[in-house]
Amino acid sequence: MEYSVAPEKQYWLMKSEPNTYSIDDLKRDRTTYWSGVRNYQARNFMRDQMRVGDGVFFYHSNVEPVGIAGIAEVIKTGYPDHTAWDPKNKYYDPQSLSSQPVWFMVDLRFKKACREVITLKRLKEIPALKSMMVLRKGNRLSITPVTPEEWEIITRLPEWS
DNA sequence: GCCAACGTTGGC
DNA sequence: GCCAACGTTGGC
């Protein structure tokens, strides 16, 4: 007899350029698929580690203001990113075959938007977040793990209510 | 628009 | 397997 242990909830931060897809777009759509990731580390997180129910900080990059703009939830685990198969798509990758997909995505559901974006500047000012991955100099990874402690601290900030 | 930091490619 | 060249990311 095997017993399954309820998996610990995990947390992530996912970057998006709001010109392309913003927290307001997700709020409108309610759910989305996270296509277009073409980095192996980020892919591995989606393909191998993300689970249904995981919490996601939705981060706005390359925009003023840069920072966390909302919360989403993983509702579907990693599956092949079909945009890699479409020659007309910006993210087309002929290396990725339907028989052997290279790129993966997950599905997300909107949870909430910040009343006010929690800016990168502000996150940097919080000592307990000093080692947060997204705050590391030179970090370009579009999906990074967030520790439960970091999640806790950030979700308690006044910008949410 | 600039450019530092990083990931990927490909010649050797 | 090394590493220079190149392309991209993303804060500023």
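Computed from heavy atoms alone, side chains included, the values below leave out hydrogens, waters and symmetry copies. Per chain, numbering begins at 1; letters A, B, ... match sequence-line order.
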Inset, instruction - Return yes when atom CZ of A:Arg28 has more than 12 non-hydrogen atoms of other residues, nucleotides or ligands closer than 6.0 Å, and no otherwise. - result: yes

Legend entry - chain A footprint on DNA chain B, 5' to 3' - any atom under 4.0 Å from a heavy atom: B:dA5 to B:dT8

Inset, instruction - Let me know, please, whether A:Asn62 or A:Gly138 comes out on the 5' side of the other along DNA chain B by nearest nucleotide. - result: A:Asn62

Inset, instruction - Between A:Lys137 and A:Gln95, name the one whose nearest nucleotide on DNA chain B is closer to the 5' end. - result: A:Lys137

Legend entry - Whether A:Phe57 and A:Trp160 hold their rings parallel, tilted or perpendicular, with breakpoints at 30° and 60°: parallel

Inset, instruction - Could you list all the salt bridge (Lys or Arg N to Asp or Glu O under 4.0 Å) pairs where at least one residue sits in residues 52-65 of chain A, not counting sequence neighbours? - result: none

Inset, instruction - Using a heavy-atom cut-off of under 4.0 Å over every strand shown, decide if A:Lys121 touches base, sugar-phosphate, or nothing. - result: nothing

Legend entry - Ion pair check, A:Lys27 and A:Asp24, cut-off under 4.0 Å: no

Inset, instruction - Would you mind checking if A:Arg115 and A:Glu159 are paired as a salt bridge, meaning a charged N to carboxylate O distance below 4.0 Å? - result: no

